[in-house]
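Just so it is clear, the values below take in all heavy atoms, side chains as well, and ignore hydrogens, waters and symmetry mates. Not measured: the values here are computed from a predicted model. To find a chain, count down the sequence lines: A is the first, B the second, and so on, and within it residues start at 1.
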Amino acid sequence: MTKTGGVQCEISLTVNGEPRTVRAYPMDRLLDVLRQQLGLTGTKEGCGEGECGACSVLMDGALVDSCLVPVLQAQGADVVTIEGLGGDARACALQETFLEYGGAQCGICTPGMILAAVHLLREKPEPTTDDIRQGLAGNLCRCTGYVQIFEAVAAAARRGVAR
Amino acid sequence: MKDDRIVGLSAPRKEGRDKVTGRARYIDDISMPGMLYGATVRSRIPRGKIKKITFGPGINWNDFVVVTAQDIPGKNHIALIENDQPCLADGVVNHPEEPILLLAHPDRHALPKAVEAVSIEYDALPPVFTIEASERQSEIIWGADNTFKTFLIQKGNVDEVWNKADYIVEGEYTTGAQEQLYIETNGMIAAFDSERGVTVWGSLQCPYYVHKALMALFNLPETKIRVVQTETGGAFGGKEEYPSMLAAHAALLAMKSRRPVKIIYDRAEDMVATTKRHPSRTRHRTAVRKDGKILGGEIDLTIDGGAYLTLSPVVLSRATIHAGGPYEWPAIRVRAKAVATSAPPHGAFRGFGAPQSLFAMERHMDRIARAVRLSPVEIRRVNFLKQGQTTITEQTINEPIDLGGMLDRALENSSYREKKQRFARENESGNTKKGMGIAAFLHGAGFTGSGERYLRSVVGVEGTAEGRVRVLVSSTEFGQGTNTVLSQIASETLGLPYDDIEIAQPDTGDVPNSGPTVASRTAMVVGKLVASAARGLEQTLTASGTLAANHTPEEFRTACRAYVAAHGQFRSLARYDQPANIFWDDKNYRGEAYSAFAWAVYVAEVAVDLTTYSVTVDDFVALQEIGRVLNPVLARGQIIGGVAQGIGFALYEKVEWRDGRMQNGQMTNYIMPTSADVPPIRVFFEELGNTHGAYGAKGIGELPMDGPAPAIVNAIEDALGVPMDSIPLLPEDIFDAMASASKRESDAHFPAGVR
């Protein structure tokens with residue numbers, strides 16, 4: 001949360017396919033750099049301690065809590081946020097099924113949840129219900145009780161298979 | 001009825017696309033030029049007099065804006081019911097985390113250190129931490145007797161039933177505090193302008209509650225206060241009253257600094273300083289005939305309100321009215337009270353008192369069943385309310401409700417009987433014990449008694465220059481589907497496509513007061529007003545001769561555009577008028593408590609692991625009668641989400657208190673259900689309609705919070721044979737309950753004096 005001092009440095013990374021260079025303290029959270037410096041406010045803060053997953057982004061293909069990632073660690077990394085999913089067929093299918101099946105209510109966990117689901121379907125294109133339950137267990141949702149999220153992910157997976 | 005019906009279909013969530021693409025703008029996503037960040041210095045003790053405030057070394061205090069109670073231009077209270085809660089403590093604190101002064105600075109990272117550097121000396125006063133200590137009144141912390149409110153319901157003559165009883169069954173049941181735990185923490189931005197006054201934008205449920213509080217605090221007329229709701233990331237009641245406090249703080253800093261000020265609570269501050277569900281204690285004493293029929297009983301219900309009155313009387317009211325469950329009581333006396341303790345005020349949370357008193361009622365039904373040697377199924381069947389009978393407030397049930405039929409259907413859908421038999425067999429061996437539990441309950445929709453009459457909500461519907469329709473309400477969307485359902489209602493009423501309907505952003509400068517977004521009232525009460533205002537719009541066009549009675553959507557759009565071109569703003573308003581046949585006696589708590597009840601039977605299947613004492617809910621059936629389902633996907637989502645919160649209430653969510661302060665204010669150690677913890681939650685609807693609700697709807701938002709906890713705890717008792725009467729029920733609590741039960745059993749083998 002607080003800056004830990006030191007001197008600001010330049011950090012280069014790829015965000016949503018575009019090379020970006022930011023000036024930040026090494027221990028600044030990737031979450032704050034994305035939201036405040038790059039204006040990518042689709043990534044949300046829920047707890048600030050890696051428990052809720054609202055700040056989930058993909059970093060070099062891995063699902064990470066951006067509130068726990070010091071920006072220095074993102075040097076040279078390829079970061080994808082909810083804003084960068086436009087061209088991803090799997091993500092677009094998920095966005096449609098989330099709308100159709102009621103996977104989003106208040107919407108604050110939704111960007112992180114969709115990134116977690118994208119990550120899950122990349123690893124397991126044909127997930128079982130249990131795969132989905134476990135795969136999303138790092139992303140908390142207080143509104144839905146998860147069931148309609150499971151249905152949305154399963155439906156997106158089916159559409160992916162059909163394609 | 002038109003062919004192209006939209007009510008009853010799963011219209012897509014109105015603001016859904018913005019949410020799934022990350023474009024939706026929540027309060028922390030918004031910045032303003034020159035904006036400062038605000039923070040709150042809070043009490044570190046539960047109760048005492050403030051002796052001295054020191055601004056410590058190491059901080060350049062000239063860079064900070066500092067606000068104290070002396071900076072408040074109007075009244076130093078958060079206007080609600082009793083106005084007893086200060087906006088900023090002035091000389092005395094009554095609970096831990098009570099706001100004392102405010103700081104603002106351009107760099108949000110500079111604030112935590114500055115908050116730490118303010119030291120406050122107190123003369124400590126003795127605190128009161130429990131319902132029992134508050135009742136003893138050895139220390140008076142509020143009013144004359146630590147009591148915020150009492151209610152008494154009396155029906156029939158309870159004193160005559162005890163002699164006729166075959167059994168008298170007693171029990172005491174308690175429920176803990178529960179944190180709402182919306183994933184978006186509380187946040188607000190305020191701006192001040194000497195011409196325009198105060199404007200606040202934020203995450204909130206009730207724009208006009210905030211509006212009222214700011215008028216009193218700033219001593220400004222209603223036109224000089226503007227409250228705008230931004231996209232709100234969950235609320236569940238937790239953003240009903242506290243946002244008035246936060247808006248007041250941001251606005252005071254904005255007035256003093258003459259710059260916009262943003263305050264966003266971090267998770268820890270949100271959890272320890274803001275409201276939670278009221279802890280409760282309920283005692284039942286019931287006279288029962290040997291066939292299981294309840295002859296009468298007494299219920300003693302107490303809730304812990306925390307340090308200030310806030311909404312406690314209203315929470316208590318709902319708890320009181322729901323205390324008898326969906327049963328016919330020939331005679332009953334309910335004594336209820338809300339007491340003060342030295343904790344942050346407890347407040348609104350989905351269910352609003354009913355989950356507490358219904359937990360007690362439904363646990364007690366299983367206790368009665370055991371005493372009378374009937375099954376949990378039969379004890380309920382014998383006592384269910386039927387059409388023509390009266391509730392404990394003597395409200396006659398006029399609808400053709402069939403609770404016995406609902407019970408049968410829920411049992412069938414959950415394979416209750418078959419599983420009961422199988423578990424009884426399997427539980428004889430093995431280390432996992434399984435059980436089935438039932439809860440039957442009701443939830444009154446809308447404000448209690450005369451509440452809606454006093455609110456007199458107003459709704460507007462506007463025809464725009466583009467020929468579109470805008471719904472104008474202060475009713476807010478925070479995930480439940482307000483935008484979608486109200487759009488469906490307007491669309492259906494006007495015969496226009498769903499996409500022609502827009503919902504205006506809730507902004508007190510633009511929308512009328514359609515009442516607070518609470519009490520499961522929006523679809524039912526506000527929805528009906530939307531339909532009525534929409535009809536008014538259409539009638540204006542037909543009366544002006546520009547629109548035929550039978551018209552196409554395109555003809556409506558053309559007429560609407562022409563009307564706006566000719567006359568300017570085109571709005572139709574509708575105001576709530578209470579039906580004449582609704583009678584409520586506020587003094588004796590008697591009469592038509594609610595214009596409609598939703599009814600439900602829930603069945604839980606659990607497994608208890610006797611190595612870890614952890615409980616898993618393996619299956620859950622939620623069957624309810626809710627009038628009419630306006631949007632199946634959203635309605636089902638409300639039920640499933642409420643059941644998941646109920647599972648948390650029963651099994652996971654424990655606030656650890658020390659000296660009136662929550663110790664586990666983190667998601668790491670205050671545990672809510674994850675996707676790995678929820679069972680299949682299977683939802684079934686019955687629809688009897690409701691003449692008081694839009695297109696037959698009843699309120700459903702809170703209903704699903706009431707039933708899960710008792711159904712689950714009844715299932716645990718079924719699995720273990722040991723009664724559990726307190727929630728939350730964590731593995732260590734189950735271990736303790738089993739240990740003391742086995743001790744009681746061994747004590748029973750050795751009568752007193754033998755050992």
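Heavy atoms closer than 4.5 Å to chain B are found in the side chain of Glu96(A), but not in its backbone. Contact annotation for Gln180(B): only backbone heavy atoms (N, CA, C, O) come within less than 4.5 Å of a heavy atom of chain A. For Arg108(B), the part lying near chain A is the side chain, with the backbone staying farther off; criterion is any non-hydrogen pair under 4.5 Å. Heavy-atom distances place both the backbone and the side chain of Ala676(B) under 4.5 Å from chain A. For chain B, the nearby part of Ala54(A) is the side chain; its heavy atoms alone come within less than 4.5 Å. Only the backbone of Cys141(A) comes within contact range of chain B, with at least one heavy atom under 4.5 Å from a heavy atom of that chain. Proximity to chain B is limited to the side chain of Phe150(A), based on heavy atoms less than 4.5 angstrom apart. If you measure heavy-atom distances from Leu181(B) to chain A, the contacts under 4.5 Å come from both the backbone and the side chain. In this structure, no portion of Leu85(A) lies under 4.5 Å from any heavy atom of chain B.
Of the listed residues (Arg23(B), Gln666(B), Glu15(B), Glu477(B)), the one with the most heavy-atom contacts under 4.5 Å to chain A is Gln666(B). The candidate with the highest count of non-hydrogen atom pairs below 4.5 Å against chain A, out of Val678(B), Ile264(B), Asp18(B), Val643(B), is Val678(B). Ranked by heavy-atom pairs under 4.5 Å with chain B, the list Gly50(A), Gly145(A), Cys106(A) is led by Cys106(A). Taking chain A as the reference chain and counting heavy-atom pairs below 4.5 Å, the highest number among Ala644(B), Gly16(B), Gly637(B) is found for Gly637(B). Between chain B and the options Leu140(A), Thr110(A), Leu136(A), heavy-atom pairs under 4.5 Å are most frequent for Leu140(A).
For Ser31(B), the side chain to side chain donor-acceptor pair (under 3.5 Å) criterion is met by no residue, not counting sequence neighbours. Taking Arg350(B) as the reference, nothing meets the salt bridge (Lys or Arg N to Asp or Glu O under 4.0 Å) condition, with sequence neighbours excluded. Take Asp619(B) and apply the salt bridge (Lys or Arg N to Asp or Glu O under 4.0 Å) test, not counting sequence neighbours, and it matches Lys419(B), Arg682(B).
At a cut-off of 3.5 Å, with distance as the only test, a side-chain donor of Glu49(A) or Thr668(B) sits close to an acceptor on the other residue. With hydrogens and angles left out, the side-chain atoms of Ser675(B) and Asn139(A) include no donor and acceptor closer than 3.5 Å. Under 3.5 Å, the side chains of Thr476(B) and Thr517(B) contain a donor-acceptor pair of N or O atoms. If you check the side chains of Gln105(A) and Thr144(A), you find no donor sitting under 3.5 Å from an acceptor. At a cut-off of 3.5 Å, with distance as the only test, a side-chain donor of Tyr182(B) or Asp270(B) sits close to an acceptor on the other residue. The closest side-chain donor-acceptor pair between Glu10(A) and Ser12(A), if any, does not fall under 3.5 angstrom.
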Apply salt bridge (Lys or Arg N to Asp or Glu O under 4.0 Å) to Arg25(B) and Glu231(B), showing your working.
CA-CA 6 Å; Arg25(B) 305 265 282 166; Glu231(B) 200 70 70; over 6 Å; no
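Residues of residues 34-41 of chain A that come closer than 4.5 Å to chain B, counting heavy atoms only, are Arg35(A), Gln36(A), Thr41(A), ordered by residue number.
Ring centers of Phe620(B) and Tyr602(B): under 6.0 Å apart, within the cut-off.
Taking the ring centre of Tyr498(B) as origin, the terminal cationic atom of Lys14(B) falls inside the region bounded by 6.0 Å and 45° from the ring axis.
Counting all heavy atoms, side chain and backbone alike, Ile30(B) lies closest to Thr230(B) at CD1-CG2, 3.7 Å.
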